[in-house]
Amino acid sequence: MEYNFSELEPRWQKYWKEEGVYHVENGGEPSRPNGSNGSVRPHFYVLDMFPYPSGAGLHVGHPLGYIASDIYARYKRLRGYNVLHPMGYDAYGLPAEQYAIQTGQHPAVTTEKNIARYREQLDKIGFSFDWDREVRTCDPKYYKWTQWTFIQLFNSYYCNQARQARPISELVEVFAKQGTEGLDLACTEEMHFSADEWNCWDEAKRQQVLMNYRLAYLADTYVNWCAELGTVLANDEVVGGLSVRGGYPVERKLMRQWSLRISAYAQRLVDGLEQVDWTDSLKEIQRNWIGRSEGAAVWFPLAGTHSSVSPERADSSPNIGEHQDGTAFEIFTTRPDTIFGVTFMVLCPEHELIGSITTPEQKAEVEAYVTWAKNRSERERQAEVKKVSGVFTGAFAVNPLTEEKIPIYVSDYVLAGYGTGAIMAVPAHDSRDFAFARHFGLPIRQVVSLEKDVTSDPATWSESMDAKTGYSVNSGFVTGMKVKEAMAAVIDKIEEMGIGHRTVNFRLRDAIFSRQRYWGEPFPIYYKSYEVGGKRYEVACAIPEECLPLELPEVSEFKPTATGEPPLGHAKRWAWDTKTNSVVDVSDIDNETVFPLELSTMPGFAGSSGYYLRYMDPTNDKEYFSESAVDYWQNVDLYVGGAEHGTGHLIYARFWNKFLFDLGLAKKEEPFQKLINQGMIQGRSNFVYRSKADNNLYISKGLIKSMDDVTPIHVDINIVDNDVLDVERFREWRPEFKEARFELEDGKYICGWEVEKMSKSMFNVQNPDDLVARYGADTLRLYEMFLGPVEQAKPWDTNGIEGVHRFLKKFWKLYDNCLSNQSNQNNPSSLKTLHQTIKKITDDIERFSFNTAVSTFMICVNTLTDQKCASAEVLKPLAVLLAPFAPHIAEEVWHGLGGEGTVCDAEWPVYDEKMLVEDTVKYPVQFNGKMRFMLELPAAATQQEALEAVKAAPESAKWMTGEPKKVIFVPKKIINIVC
RNA sequence: GCUCUGGUGGUGGAAUGGUAGACACGAGGGACUUAAAAUCCCUUGCCCGCAAGGGCGUGUGGGUUCAAGUCCCACCCGGAGUACCA
């Protein structure tokens, strides 16, 4: 009987589907016939990052992670766990919308089509997903809860003291009672007001103030505007001044946008990393992105104004670091110990103080610089980082510790978005300040030295001394202290003086949440207008929760409107009637009861931030997910996906989960307990080499004398096998190769190869369907695992796939022999092989070493073949071991040998310890502390036997003087000899 | 620059501090076959040697250890992340 994978695989896939074998229920009821004695099964949640269904379909890189997680999910199921292993689609996104703009096809239509194609491809690989739990982010039943969460964010503020999100209604009450007195709140701008002030304000003003504290808030912020895409982008969607999608230029622009106050959670996002089982590198990526740095905020008075700073003023930090009376400004530094080395100050070009402090003589120059700096694109700015630019304001500040007058400059190397947008420059100990000082000929003063009391002339330095080590010098009262001590001492001093305080700064900025696009979740927000004192205010209001979902309207065009509004501006029915609580025509807007709805939509990460929770209870239309569901599943035990989401999705999802945790909905603070990053699969391109002398002559790789004589040409990897070109198919491939002649080596044309990105234009895209058709899903699954460690990036090549396929054929042959030859008896050695395999496979799976697991299977089958053993007693447990990796063949064998139910319901075999005892053990023999030789002894050897063996030691042991008297076994398999 | 990773045959890759190179591919040789495919067997890190055997070998240089691919220090070279973040 042949191993006919193309018949048996679809047959089992159909069976699994019809029988609902992978359907999971919440709760641990033992649905398995031979389950864990009726006891409640433990739960386990294995999740893949759901894909964006692109038009190109799956390539072999996509399923790598899915296969790994499927193996683990199946393994856990076989070990008696109730395993949640769902799949869905991140269906909102730019490509479908770009396609719609070009072709007029509705994104919903193309998305639907792509999903169908993905599903078809996924099904062929034999995954154990519970498709009853599928979610799609573009499905109103799903995004209802994305919108719902947004409303909760909108209706929440963050209390820094409680380290928790709380309802905004609570804040309204507190404001009415005590104003901002005694509160520490996450906000856009520091505000201070009394209860009386609050109570006097009208509704519009109050709403404006509340917006400052909401976790989802509307604010004028500098955004990454991508004109080509017609939308703003989040920081992680921009790399090097270009959009990640499409690579279009991005500029800074001040726009009114929805943002999520993710910065409020910065500290918790850092702390939470301690609790999760992720790789160090990914944790580090997140830590760097969050960018926590400790330091001090210090007020520097302006020279020429009164330099006294009142303490209560100093504790607060008004907008962009400026005193309301304009007599001082605040800076942030991580090196307070170097304050005696400040020789100039620098403000960012956006700093509010610039206008008021610039002297008349400098005004023109400063204004020209600020204009220039503001209009520079992000890309230009980043490309010219090394170029020093800036201008003197003519104004001076006073160093609060030395009373020294120091000049104030403006330069774009100081960023508006970080700290207070102003710095104290210490050129001797900061490389950027150093470059600036050198460029403008400003003084450089050494205040830190590696050795106590030893200084040198900074004029002779080629670079600044940035390291936080050594001792303070020339630094007043901290001179002689170690850097760390000096930092503490200076902070203590400035706190005592009331001009500054210890503080922590984060690089992480709030996430901009608006996209000027069509294909995304609409905001459940409408705008009421107020007219107060001749001024018009717009107040954002959430639509009532019970009216959700607010469905994405139809539009006539997917492009922005003529007035530059987002595509939703084309929608006819896009106004909110507060009387009927329903969507009505835009023409009905009266600003009395009918109001305009928000025109932008939510970004891609909105729908993907909480999807793992929805899988727990995907059809619930009353709640996001039920309490009992989340109580049962808790959080994701194992999450598998690419590390490229380290600064995007994985930050947003953690934030989202922490927020839901604060609301009491999520039960664990961290959503993903263990995380494995599957390495990217790169393409492996093949080349043919065309002779430059003869356009129809192609030279085999080994015969090329010089690469200058030939032109390498990408060739479709599907007509190359093990780097050997199928010359006939090559001639047929394209008309230009029809007349091709070849210079062959050993009758073959050998192609060159190179590792490149997997892309259509390089003809190196491997489609999993082709491999499934040729070798079967089981071979594909095993091969993808065999390729190397899951975490490691590697180029795709099919050079070893035959070996894996051969293994399955050998396994099949054992099974076939077993069926045809019932007289096959077990022998002790084959049982031993089985038990060794059980132990090794279990170990390998537990440590996610799937590539060695596949090797283990190969060794096992080879050994059993040698041992001529093919009894059902050995093969049935083997089928179970193999089931996570190659479920189809495992199922077939299991059934063929009389297994009950499906192999998915079997029990993971337990190995017998006694079977594994080694016959012999190798001991290093040690004498006088020196290792002398290796000795092989029976595993159960006694002291006496060991002594005899040492006496009878080989020639190499003749160094010994006298007879060994005693042999001592010491840990780690060493024999010590005493004479 | 900073941070994280990794460096082992012709290739992908194995090795709780204990015989480096498992397993697989590729290559070479052989069996079966009229032939091919499929299948099976042998060889395959490098150097010397007819052989038995010997020498050298995990990026480089040191160190710890009876014993180092593995641990420690310094350096070199890749890959990734991030970048005027004060």
Side-chain angles (χ1 to χ4, degrees), chain A residues 2 236 239-240 279-289 291-293 295-296 331-335 338 346 348 381-382 384-389 411-415 417-426 429-433 435-436 463 466 505-509 643-644 646-647 677 679-680 682 684 722-724 746 753 755 783 786-789 791-804 806-807 809-810 813 843 847 849 851-860 862 865 921-934 936 970 972-976:
Chain A
E2 278 288 294
D236 67 282
V239 171
T279 60
D280 289 341
S281 67
L282 189 64
K283 285 186 186 180
E284 208 56 36
I285 286 171
Q286 294 220 331
R287 277 194 204 105
N288 287 342
W289 187 259
R292 180 183 199 277
S293 47
I331 59 97
F332 173 73
T333 179
T334 55
R335 294 296 301 275
T338 62
V346 188
C348 66
R381 204 182 59 78
Q382 290 194 2
E384 294 166 10
V385 159
K386 290 275 171 317
K387 248 189 187 167
V388 177
S389 72
S411 173
D412 68 351
Y413 86 87
V414 173
L415 304 177
Y418 185 78
T420 57
I423 61 157
M424 62 175 213
V426 185
H429 304 290
D430 182 282
S431 56
R432 295 150 306 181
D433 298 345
F436 195 86
E463 57 181 10
D466 293 10
N505 246 300
F506 294 95
R507 209 184 71 106
L508 183 73
R509 321 248 179 102
E644 67 272 19
T647 54
N677 291 122
M680 263 223 281
Q682 297 135 300
R684 186 181 188 275
N722 273 344
D723 290 338
V724 176
D746 305 323
W753 61 272
V755 173
Y783 184 60
F786 185 69
L787 217 46
E791 279 118 315
Q792 193 177 302
K794 57 224 154 197
W796 174 263
D797 73 81
T798 50
N799 286 350
I801 198 163
E802 294 284 350
V804 172
R806 214 166 278 155
F807 151 72
K809 285 202 262 187
K810 287 179 191 169
K813 200 166 176 188
D843 280 359
R847 57 194 181 99
S849 182
N851 56 331
T852 56
V854 177
S855 293
T856 307
F857 279 124
M858 290 178 174
I859 296 169
C860 172
N862 285 342
T865 306
V921 179
K922 281 179 177 157
Y923 294 93
V925 177
Q926 189 170 294
F927 175 67
N928 282 352
K930 295 268 181 221
M931 209 285 272
R932 299 299 176 147
F933 60 96
M934 299 290 293
E936 195 167 334
V970 296
K972 297 199 175 180
K973 296 200 285 186
I974 293 177
I975 296 178
N976 261 323

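A, B, ... follow the sequence lines: proteins, then strands. Residue 1 opens every chain.
- Under 4.0 angstrom from either OP1 or OP2 of B/U39 there lies at least one side-chain N or O belonging to A/Lys809.
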Requested in this report: Tell me, with the steps shown, if A/Ser293 and A/Phe332 meet side chain to side chain contact (heavy atoms under 4.5 Å, CB included).
Outcome: CA-CA 10 Å; A/Ser293 47; A/Phe332 173 73; 4.2 Å; yes
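- Nearest approach of A/Trp289 to A/Arg507, heavy atoms of both residues: CE3-NH2, 3.0 Å.
- With both ends at atom P, the span from B/G59 to B/A68 equals 15 Å, rounded to whole Å.
- Here the P atom of nucleotide B/U82 and the CZ atom of A/Arg507 are 9 Å apart, to the nearest Å.
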Report task. Kindly determine whether A/Arg684 and A/Thr798 satisfy side chain to side chain contact (heavy atoms under 4.5 Å, CB included), including the steps that lead there. Result -> CA-CA 10 Å; A/Arg684 186 181 188 275; A/Thr798 50; over 6 Å; no
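- For A/Arg806, taking side-chain heavy atoms from C-beta onward, the closest of the listed nucleotides B/A83, B/C84, B/C25 is B/C25.
- The distance from atom CD of A/Glu802 to atom P of B/G26 is 7 Å, rounded to the nearest whole Å.
- Counting non-hydrogen atoms under 4.0 angstrom, A/Ser855 reaches a base of the nucleic acid.
- B/G61 and B/U70 have their P atoms separated by 13 Å, with the value rounded to a whole Å.
- If you check every strand for non-hydrogen atoms under 4.0 Å, A/Ile285 touches sugar and phosphate atoms only.
- Shown here, B/U44 forms a base pair with B/G26; the pair counts as Watson-Crick or G-U wobble because both key distances fall under 3.5 Å.
- Contact record, A/Tyr783 with A/Ile801: CE1-N, 3.4 Å, taken as the closest heavy-atom pair.
- Side-chain proximity of A/Asp280 to the nucleotides B/A86, B/U82, B/U5 is greatest for B/U5.
- If you check every strand for non-hydrogen atoms under 4.0 Å, A/Phe786 touches a base.
- Taking the C1' atom of each, B/G17 and B/C72 are spaced 13 Å apart, rounded to whole Å.
- The gap from the C1' atom of B/U60 to that of B/C77 amounts to 10 Å, rounded to the nearest Å.
- Each of A/Gly417 and A/Met858 lies near RNA chain B, and the nucleotide nearest A/Met858 is the one positioned closer to the 5' end.
- A/Ser411 comes within contact range of no nucleotide atom at all, as no heavy-atom separation falls under 4.0 Å.
- For A/Asn288, taking side-chain heavy atoms from C-beta onward, the closest of the listed nucleotides B/U82, B/U3, B/G13 is B/U3.
- Relative to the side chain of A/Lys794, the nucleotides B/G13, B/A24, B/A86 differ in distance, and B/G13 lies closest.
- Taking only side-chain nitrogens and oxygens, A/Asn851 comes nearer than 4.0 Å to OP1 or OP2 of B/A14.
- Pairing for B/U82 goes to B/G1, judged as Watson-Crick or G-U wobble with the two contacts each under 3.5 Å.
- Between the CG atom of A/Leu508 and the C1' atom of B/U82 there is a distance of 14 Å, rounded to whole Å.
- A/Pro789 comes within contact range of the sugar-phosphate backbone alone, with a heavy-atom separation under 4.0 Å but no base atom that close.
- Of all nucleotides present, none satisfies the Watson-Crick or G-U wobble test against B/A67 with each distance under 3.5 Å.
- Of the P atoms belonging to B/G78 and B/A86, the separation is 28 Å, rounded to the nearest Å.
- A pairwise comparison of heavy atoms in A/Ser411 and A/Ser389 identifies OG-O, 2.7 Å as the closest pair.
- Under the Watson-Crick or G-U wobble criterion, with both distances below 3.5 Å, B/A74 is paired with B/U60.
- Distance NZ (A/Lys810) to C1' (B/C40): 10 Å, rounded to an integer number of Å.
- The side chain of A/Arg684 contributes no N or O atom lying less than 4.0 Å from OP1 or OP2 of B/U11.
- The same atom, C1', is picked in B/G28 and in B/G9; the two are 16 Å apart, to the nearest Å.
- OP1 or OP2 of B/G13 has at least one side-chain nitrogen or oxygen of A/Gln792 nearer than 4.0 Å.
- Here the nucleotide nearest the side chain of A/Glu284, chosen from B/C23, B/C4, B/A86, is B/C4.
- Put simply, CG on A/Asn505 is 16 Å from P on B/C84, counting in whole angstrom units.
- Nearest to the side chain of A/Lys813, among B/U39, B/A15, B/C23, sits B/U39.
- Under the Watson-Crick or G-U wobble criterion, with both distances below 3.5 Å, B/U34 has no partner in any strand shown.
- Using C1' as the reference atom, B/C48 and B/U33 are 41 Å apart when rounded to the nearest Å.
- An anti base is found at B/G45: its glycosidic angle is more than 90° from 0.
- Comparing B/A15, B/A83, B/C23 against the side chain of A/Thr852 picks out B/A15 as the nearest.
- With P as the reference atom, B/A22 and B/U16 are 15 Å apart, rounded to whole Å.
- When the side-chain nitrogen and oxygen atoms of A/Arg847 are compared with OP1 and OP2 of B/A15, one or more of them lie within a distance under 4.0 Å.
- Shortest non-hydrogen contact noted between A/Leu787 and A/Asp797 is CD1-O, 4.1 Å.
- Nearest-nucleotide positions on RNA chain B for A/Asn799 and A/Tyr418 put A/Asn799 closer to the 5' end.
- Residue contacts for A/Val804: at a heavy-atom cut-off of 4.0 Å it reaches no nucleic acid atom on any strand shown.
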Requested in this report: Report the C-alpha distance between A/Thr856 and A/Asp843 in whole Å, list the side-chain angles of each, state the deciding distance to 0.1 Å, and finish with yes or no for side chain to side chain contact (heavy atoms under 4.5 Å, CB included).
Outcome: CA-CA 11 Å; A/Thr856 307; A/Asp843 280 359; over 6 Å; no
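- Counting to the nearest Å, the C1' atom of B/G12 and the CD1 atom of A/Ile801 are 13 Å from each other.
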Report task. Quick one: do A/Tyr413 and A/Val388 satisfy side chain to side chain contact (heavy atoms under 4.5 Å, CB included)? Show the steps, please. Result -> CA-CA 8 Å; A/Tyr413 86 87; A/Val388 177; 6.0 Å; no
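- No more than 12 heavy atoms of other residues, nucleotides or ligands lie within 6.0 Å of NZ in A/Lys813, so this atom counts as exposed by the packing criterion.
- Backbone-only contact: A/Leu787 has heavy atoms under 4.0 Å from sugar-phosphate atoms and none from a base.
- Out of B/A86, B/C23, B/U82, the shortest distance to the side chain of A/Phe332 is found at B/A86.
- Look at OH on A/Tyr783: it is 15 Å from P on B/U11, rounded to the nearest Å.
- As judged by a 4.0 angstrom heavy-atom cut-off over every strand, A/Asn862 is placed among residues touching the sugar-phosphate backbone only.
- One can place CG of A/Leu282 at 18 Å from P of B/U3, the figure rounded to the nearest angstrom.
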